[in-house]
There are 2 protein chains.
Amino acid sequence: MALDRCYSCPLGVAAGVAEHRACPFVPREREAGAHLYVEGDTADRVWYIVSGYVALSRETSEARSSGVTWAVRRPGEMLGTEGLVSDTYRDSAVALNAATLCVAPREVVDAWLGPEDSPARAVLQLALRTRCNEVPRRSCADGNATRRVASWLLDEAPSQNAPQIPRQVVAGLLGMLPETFSRALARLVKLGAIEIDRRTIRVVDLDALLRAAGEGEGEGEGEP
Amino acid sequence: MALDRCYSCPLGVAAGVAEHRACPFVPREREAGAHLYVEGDTADRVWYIVSGYVALSRETSEARSSGVTWAVRRPGEMLGTEGLVSDTYRDSAVALNAATLCVAPREVVDAWLGPEDSPARAVLQLALRTRCNEVPRRSCADGNATRRVASWLLDEAPSQNAPQIPRQVVAGLLGMLPETFSRALARLVKLGAIEIDRRTIRVVDLDALLRAAGEGEGEGEGEP
DNA sequence: CGCCCTGTTGACAAAGGTCAACTAGCGTGG
DNA sequence: CCACGCTAGTTGACCTTTGTCAACAGGGCG
């Protein structure tokens, strides 16, 4: 089972292939364009990229380019690790080239990683959770400023209490300048979706906000 | 040493505070606006956020807003974990609020995490490395399209072999549309920095490329 | 009380998104 | 084997969006 490359693969080493133990990950070939998994799928497998490139995209709702790639994973990186902290995949993954990937079922990896409360595992869990909650920084290609602000507000709405992040900072996260952010908020106020004062934002009409965030989207899958 | 909250903190649990063992992380208060670390500093400490928000920014060169926040870390997340896979911090971290952070020296954490070749540790290492190489998705607030493309080419130049990523995908990473990407490449060709055909890009004048990427930056710190 | 910093608003110009037409390469199917 | 048609990429013209610069307002802190 152990191939030459396994001896120099960090996972192979950790699995102990040198001591003739088996690595839970088994190699598999995928052709260019293959969908490895889709955002929202049950996260039941974890990958390690041996060769090839994989694009990650997220239906960050939005625009014409629904499904813009926001990251590329390369050989030596893992894929689908969100399965270790979440039930579903956060992104869609597509092979950009013909690729060799080592795959393992989630629960096997889970067992292989050892006790849940070991330090390494605890830190791993935290790191994965952080990554998985991370929203790719928005750019103008994901719809106009008002829409980006609206959908950001929807994400943050649950944690209504969260705010007190300076507007300058929020603007940065949304990939726009403070001035633009301010104007976008003003527009949402005019639409009756929110109320603001200099330092707080209150959602007053969720529907209006949803409309502003969705403006001419919702297509996505269904039609012929 | 163990506070109440340590019993429900994943790190405290992993450290075994319930069994009266000590957690390597010790709490510390920081006021709003405090710089926890600066991009490029020697990464000698690791943090866990108990309360408060922390903004991460990166001198992605660029524009007026040099040092745009590209992510916010919240309570329950870790900070400075790049120290476990790199010598220097990748971002600058600033407390947005008065915050309580648990800190531990890098080498202590390193030892605490256990053997380098355990599965959990191997996966952790991979996850951290991936995150740390990750370039925040670019947005128009980080300089114009041509500059972003130029600086992307500079990042990718070492891995010259890397390409064969479809242009559509690269455009997405750079936060622009394929058309804009195409035009930006054309501009760089006109500047003599690169040569392109429909599917390859060759850097022919690194200086020109540097100039295009840097165009009117370099200010950053120095002036009164 | 006054200064400074953050956020707001306005006017303007440029950058880039949109739509559309066109080309090159590649794979498919006749 | 060639032709056809598709997809990815390029280029052009136009117009919205947003970055830019500047002036101003509110709040907090000294």
Side-chain angles (χ1 to χ4, degrees), chain A residues 31-33 55 62-69 94 96-98 138-150 163-190 194-201 212 215-217, chain B residues 31-33 55 62-69 94 96-98 137-150 163-190 194-201 212 215-217 219:
Chain A
E31 74 282 16
E62 323 309 348
R64 146 192 181 186
S65 30
S66 57
V68 200
T69 297
V94 176
L96 290 175
N97 316 107
R138 294 290 169 75
S139 83
C140 20
D142 319 312
N144 64 25
T146 310
R147 187 184 304 183
R148 277 182 280 153
V149 171
Q164 292 325 20
I165 300 180
R167 304 228 160 145
Q168 222 177 356
V169 170
V170 177
L173 291 176
L174 296 172
M176 61 184 76
L177 297 170
E179 292 95 320
T180 309
F181 182 62
S182 188
R183 279 185 249 273
L185 286 177
R187 222 164 301 161
L188 290 173
V189 169
K190 201 171 295 170
I194 60 173
E195 280 173 3
I196 60 172
D197 68 27
R198 206 176 198 73
R199 56 185 21 199
T200 54
I201 304 172
E215 203 97 289
E217 61 127 12
Chain B
E31 74 282 15
E62 324 307 349
R64 146 191 178 185
S65 29
S66 58
V68 200
T69 297
V94 176
L96 289 175
N97 315 107
R137 175 139 169 271
R138 294 289 169 77
S139 83
C140 20
D142 318 311
N144 65 24
T146 310
R147 185 183 306 184
R148 277 181 280 156
V149 171
Q164 291 327 17
I165 301 181
R167 306 230 159 144
Q168 223 177 359
V169 170
V170 177
L173 291 176
L174 295 172
M176 59 183 77
L177 297 170
E179 293 95 320
T180 309
F181 182 62
S182 188
R183 279 185 249 272
L185 285 178
R187 222 164 303 161
L188 290 173
V189 169
K190 200 170 297 169
I194 59 173
E195 282 173 2
I196 61 172
D197 67 26
R198 210 177 196 68
R199 58 185 21 204
T200 54
I201 302 172
E215 202 98 290
E217 59 126 10
E219 57 282 331

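Here the side chains of Arg187(A) and Val149(A) are not in contact, with every heavy-atom distance at 4.5 Å or above. Between Pro178(B) and Arg167(B), the closest side-chain pair of non-hydrogen atoms is not below 4.5 Å. Counting heavy atoms from C-beta on, the side chains of Arg137(B) and Asp142(A) come closer than 4.5 Å. Counting only heavy atoms from C-beta outward, the side chains of Cys140(B) and Met176(B) never approach each other to under 4.5 Å.
Nearest heavy atom pair, residue Ser139(B) against residue Gly175(A), reads OG-CA, 3.3 Å.
In this structure, CZ of Arg187(A) is placed 8 Å from C1' of dT17(D), rounded to the nearest angstrom. For the pair Leu188(A) CG and dT8(C) P, the computed distance is 13 Å after rounding to whole Å. Rounded to a whole Å, the CD atom of Glu31(A) is 15 Å from the C1' atom of dG27(C). Nucleotide dA14(C) holds its P atom 17 Å from the CG atom of Leu177(A), rounded to whole Å. Arg148(A) places its CZ atom 12 Å from the C1' atom of dG17(C), with the value rounded to the nearest Å. Nucleotide dG16(C) holds its P atom 16 Å from the CE atom of Met176(A), rounded to whole Å. Atom-to-atom, CG of Asp142(B) to C1' of dG19(D) comes out at 12 Å; the value is rounded to the nearest Å. Here dG7(C) presents its C1' atom at 16 Å from CG of Leu174(A), a figure rounded to the nearest Å.
For the atom pair CZ of Arg147(B) and CG of Leu188(B), the computed distance is 12.0 Å after rounding to the nearest 0.5 Å.
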Tell me, for nucleotides 7-13 of chain D in 5' to 3' order, what letter each nucleotide earns: B for a base near a protein heavy atom under 4.0 Å, S for only sugar-phosphate near one, - for neither? -BBSBBB
